[in-house]
Amino acid sequence: MLDYFFSEEERLLIDLVNRIGRDYIAPHVREWDENEAYDLRPIKALAQADLFGLVIPEEYGGLGWGTMALCLAVEHLSKYCPGVATTYAASFLGAYPILLFGSKAQKEKYLPEVAAGRKLCAFALTEPQAGSDAAAIRTRAEHDGEHYVLNGIKQWITNGGIADIYIVIALTDPKKGARGASAFIVEKGDPGFVVGRKEKKMGLRASVTTELFFTHCRIPKDRLLGREGLGFIVAMKTLDYARVGVGAQAVGLAQGAMELALKHARTRIQFGQPIYNFQAVSHTFAEMAMRIEAARALVYQTARHLDSGAKEISGPSAMAKAFATDVAMWVAERAVQMMGGYGYMRDYGAEKFMRDAKCLQIYEGTNEIQRNVIARELLKHYRD
Ligand code: COS
């Protein structure tokens, strides 16, 4: 691995996350995957280590470190279990809108609880008919005195049911399309808000994904984030910040898959020698290492770019997400191949990385959508 000149704090953070990974995640990974079970223990350990406060400013009880720190935490968690990393990262996806667009009162009310890990967040944009075409949402939010009344369905929401705070994008002025969307904070227990069934997923099975139903769900007016009409911008800006985190998740996943397969290749004897001695195998690992390092460098540089306060973040974040997750899928598939029958069997962990990797190319915007974003941003630099 290249020397990325981590600060002392970053080194301590990496050690801490690895300790949590070894103690609270590694022993249970297979069981959670088999049983599609969400387990609170690693989340509690992350909370006790103050790691839910990484990007939350100190004045709201966080550490105020930024996106780079969050990427390091997500990367190293993902080596052990990308599903646990999903629960953790998705909570930040739900916290970013408050961080970026919340009023002082909203920040004071919600962020300390989030930073302490006492409350998880979720981000609800997707609907049955609105996936890549996010502007096609139908969930409505109508005025009713001092309240808004929400009606609609959200689909494939990470942390559904286990989160206490939900950012819900809904139309306040449907005639205006994307410009008529607004973002709201909905709390667990709000009247008319019901969590639907838990989805059965191919991978990331330690994380929870559900539908959300809003039926005449009444929320006070002060739950609006920013102002009416800003909902689509809230969603897109949030994704600009969060997508690099999916890239970090991909780097950790790929590293975990490579290390697993490498251990196998160095100890598996065929034709009288470790299979790593065969060039077809060692060159595959060389290729894995190269691609992972390129993905890592892009993710770290993008995270530092975001932390610098740079304005143009959509393109870099989309690049980091698409590039790193494509690398992760490739590495995980190759890891299965390098382990042969052991790779295919559920007892050995490689196929789980492959199933987990698939989702990373899909969620928080498919990699096809990322390429749309990159192509759109590219044109801004070559207008003449
Ligand atoms: N920051 C700020 N504003 C943004 C933005 C960004 N990153 N991306 C888009 N916008 C604005 C546009 O400027 C445009 O505003 P105006 O109407 O004022 O011009 C508006 O949002 C609509 O943008 P655009 O015309 O590009 O939207 P499309 O309908 O073509 O949809 C989107 C393209 C952005 C929805 C698509 O690229 C996308 O990201 N889809 C995936 C959604 C997603 O990630 N879902 C996962 C949910 S969380 S797991």
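We count ligands from 1, going down the list as the structure has it; atoms in each ligand are counted the same way. The model shown is predicted, which means the values in this text are computed figures rather than measured ones.
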Ligand-side contact atoms (ligand 1) for residue partner I369, heavy atom cut-off under 4.0 Å:
36 (C), 37 (O), 38 (C), 39 (O), 40 (N), 41 (C)
Roughly how far, to the nearest 0.5 Å, is CG of L13 from CG of L54?
6.0 Å
Crowded around Y24 OH? As in, over 12 foreign heavy atoms under 6.0 Å?
no
Under 4.0 Å from atom 37 (O) of ligand 1, is there any protein heavy atom?
yes
Contact region, S314 to ligand 1, non-hydrogen atoms below 4.0 Å, reads side chain
With heavy atoms only and a cut-off of under 4.0 Å, state how R243 meets ligand 1: side chain, backbone, both or neither.
side chain
Does the protein put a heavy atom under 4.0 Å from atom 20 (C) of ligand 1?
yes
Any nitrogen or oxygen of R179 lying under 3.5 Å from a nitrogen or oxygen in ligand 1? Just yes or no.
yes
Does a donor on one side chain sit under 3.5 Å from an acceptor on the other, for S182 and T172?
yes
To the nearest 0.1 Å, how far is atom 11 (C) of ligand 1 from its closest protein heavy atom, and which atom is that?
I233 CD1, 4.1 Å
Determine whether any heavy atom of T126 lies closer than 4.0 Å to an atom of ligand 1.
yes
Using a 3.5 Å cut-off on N or O atoms only, is D240 in polar contact with ligand 1?
yes
When you measure from atom 49 (S) of ligand 1 to every protein heavy atom, which one gives the shortest distance, and what is it?
E364 N, 3.4 Å
Using the rule side-chain hydrogen bond (donor to acceptor under 3.5 Å, both in side chains), only one of R291, K321, Q361 pairs with D326; which is it?
Q361
Closest to atom 32 (C) of ligand 1 among protein heavy atoms sits S132 O, 4.3 Å
Determine, counting only non-hydrogen atoms of the protein, whether one lies under 4.0 angstrom from atom 40 (N) of ligand 1.
yes
Does one side chain, of Y363 or T158, offer a donor that lies under 3.5 Å from an acceptor on the other?
no
Distance only, no hydrogens: is a donor on one side chain within 3.5 Å (strictly under) of an acceptor on the other, for D240 and S317?
no
Check the pair F285, M288 against side chain to side chain contact (heavy atoms under 4.5 Å, CB included), reporting the backbone distance first and the verdict last.
CA-CA 5 Å; F285 282 99; M288 286 183 190; 3.8 Å; yes
If you measure every N or O of Y363 against every N or O of ligand 1, does any of those distances drop under 3.5 Å?
no
heavy-atom search around atom 23 (O) of ligand 1 in the protein gives F232 CE2, 4.0 Å
Looking at Y300 versus F6, is the centre-to-centre ring distance below 6.0 Å?
yes
Give yes if a backbone or side-chain nitrogen or oxygen of G365 is under 3.5 Å from a nitrogen or oxygen of ligand 1, and no if not.
yes
Separation between CD1 (I233) and CZ (F101), nearest 0.5 Å, reads 7.5 Å
Verify the contact flag for atom 30 (O) of ligand 1, where contact means a protein heavy atom under 4.0 Å away.
no
Start with the C-alpha distance between K358 and M329, add both sets of side-chain angles, then the distance that settles side chain to side chain contact (heavy atoms under 4.5 Å, CB included), and finish with yes or no.
CA-CA 6 Å; K358 192 65 228 166; M329 190 66 219; 4.0 Å; yes
Is there a protein heavy atom at a distance of less than 4.0 Å from atom 16 (P) of ligand 1?
yes
Considering only non-hydrogen protein atoms, determine which one is nearest to atom 4 (C) of ligand 1 and report residue, atom name and distance to 0.1 Å.
M236 CB, 3.9 Å
Residue-level breakdown please: for T158 versus ligand 1, do any non-hydrogen atoms fall below 4.0 Å on the side chain, on the backbone, on both, or on neither?
neither
Trace of the side-chain hydrogen bond (donor to acceptor under 3.5 Å, both in side chains) decision for N18 with Y80:
CA-CA 9 Å; N18 277 288; Y80 299 91; 2.8 Å; yes
Checking a contact table here: which protein heavy atom is nearest atom 2 (C) of ligand 1, and how many Å away?
K237 NZ, 3.9 Å
